[in-house]
Amino acid sequence: MLPAVERDDDCDQARRRVILAVVRAIPAGQVAGYGEVARRAGLPGRARLVARLLARSAQSDLPWHRVLRSDGRIAFAPGSPGFVEQLRRLRAEGLVVSDSGRVMTGGAPDLDSLLWKPAD
DNA sequence: ACGATGACAATGC
DNA sequence: TGCATTGCCATCG
């Protein structure tokens with residue numbers, strides 16, 4: 001049987017696991033915001049937690065570069081190593097990113113705009 | 001306990 | 001678009 005009581009640590013680990021799963025679920029060529037990831041993970045308002053987590057966990061299969069700030073820009077300071085790397089990875093996936101770090105999604109391919117698209 | 005900090009977000013100008 | 005302000009959460013010294 002499972003332990004009668006889950007340690008607080010296990011709870012945190014569960015959160016991490018879900019967040020990473022959400023990030024891994026972002027399709028190549030698409031992006032998501034920190035807050036968006038947090039919400040999908042069932043942790044509304046914990047955008048900064050997502051950021052902290054991504055900073056710590058560097059798994060090879062983790063598409064951390066697809067996570068952007070809510071304004072659609074790379075979170076790293078322009079010119080910083082992380083910025084350069086993320087920019088490189090995003091462009092490698094076919095995304096159009098300005099040198100300033102802004103990702104051009106070609107409108108707003110979020111759920112709403114997709115669901116409202118009349119016909120095409 | 002308390003203030004500073006950070007891969008953030010929402011709002012207003 | 002860009003910048004400043006405020007709110008939030010988790011760590012750290």
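For the numbers below, each heavy atom of this structure counts, side chains included, while hydrogens, waters and symmetry mates do not.
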- [ ] Under the salt bridge (Lys or Arg N to Asp or Glu O under 4.0 Å) rule, what do Arg39(A) and Glu36(A) come out as? Steps first, then yes or no, please.
- [x] CA-CA 5 Å; Arg39(A) 276 198 307 267; Glu36(A) 191 181 340; 5.6 Å; no
TODO: Return the nearest nucleotide to the side chain of Ala55(A); candidates are dA10(C), dA7(B), dA10(B).
DONE: dA7(B)
Open item on the list: Tell me whether the side-chain N/O atoms of Arg48(A) come closer than 4.0 Å to OP1 or OP2 in dA10(C).
Closed with: no
Task: Nearest-0.5 Å distance that lies between atom CD1 in Ile19(A) and atom CG in Leu43(A) - done: 5.0 Å
Open item on the list: Quick one: does any side-chain atom of Arg46(A) pair with a main-chain N or O of Pro44(A) as donor and acceptor, under 3.5 Å?
Closed with: yes
TODO: Could you check which of dA7(B), dC9(C), dT11(C) has an atom nearest any side-chain atom of Arg46(A)?
DONE: dC9(C)
Task: Closest-nucleotide ordering on DNA chain B, the 5'-leading residue of Arg52(A) and Ser70(A) - done: Arg52(A)
Open item on the list: Closer than 3.5 angstrom, by distance alone: can the side chain of Gln86(A) be matched with the main-chain N or O of His65(A) as a donor-acceptor pair?
Closed with: yes
Open item on the list: Using 0.5 Å steps for rounding, measure from the CD1 atom of Ile74(A) to the CZ atom of Arg69(A).
Closed with: 10.0 Å
Task: Interatomic distance, Leu87(A) CG vs dA7(B) P [rounded to whole Å] - done: 18 Å
Task: Separation of dC8(B) P from Asp71(A) CG (nearest whole Å) - done: 9 Å
Open item on the list: Using the C1' atom as the point on both nucleotides, what is the distance between dA1(B) and dG13(C), in whole Å?
Closed with: 13 Å
- [ ] Give a yes/no answer on whether the side chain of Arg69(A) brings an N or O atom under 4.0 Å of OP1 or OP2 in dA10(B).
- [x] no
Open item on the list: Considering every strand and a 4.0 Å limit on heavy-atom distances, what is the contact class for Gly82(A): base, sugar-phosphate, or nothing?
Closed with: nothing
Task: dG6(B) and dC8(C), which share atom name C1', separated by this distance in whole Å - done: 12 Å
Open item on the list: Nearest whole Å is fine: how far is dC8(B) C1' from Phe76(A) CZ?
Closed with: 13 Å
Task: Atom-pair distance (CG on Leu49(A); C1' on dA10(C)), nearest Å - done: 7 Å
Task: Arg102(A), nearest nucleotide to its side chain (from dT1(C), dA10(C), dG2(C)) - done: dT1(C)
- [ ] Round to a whole Å and report the spacing from CD1 of Ile19(A) to C1' of dA10(C).
- [x] 12 Å
- [ ] Considering only atom P, compute the distance from dT11(B) to dC9(C) and round it to an integer number of Å.
- [x] 16 Å
Task: Rounded distance (Å) that lies between atom P of dG6(B) and atom CG of Leu53(A) - done: 18 Å
TODO: In whole angstrom, give the distance that lies between atom CD1 of Ile74(A) and atom P of dA9(B).
DONE: 14 Å
TODO: Measure from the side chain of Trp64(A), starting at C-beta and using heavy atoms only, and say which of dA7(B), dC9(C), dA10(B) lies closest.
DONE: dA7(B)
- [ ] Just call it for Arg73(A): base, sugar-phosphate, or nothing, with non-hydrogen atoms closer than 4.0 Å on any strand.
- [x] sugar-phosphate
Open item on the list: How many whole angstroms separate atom OH of Tyr34(A) from atom C1' of dG7(C)?
Closed with: 19 Å
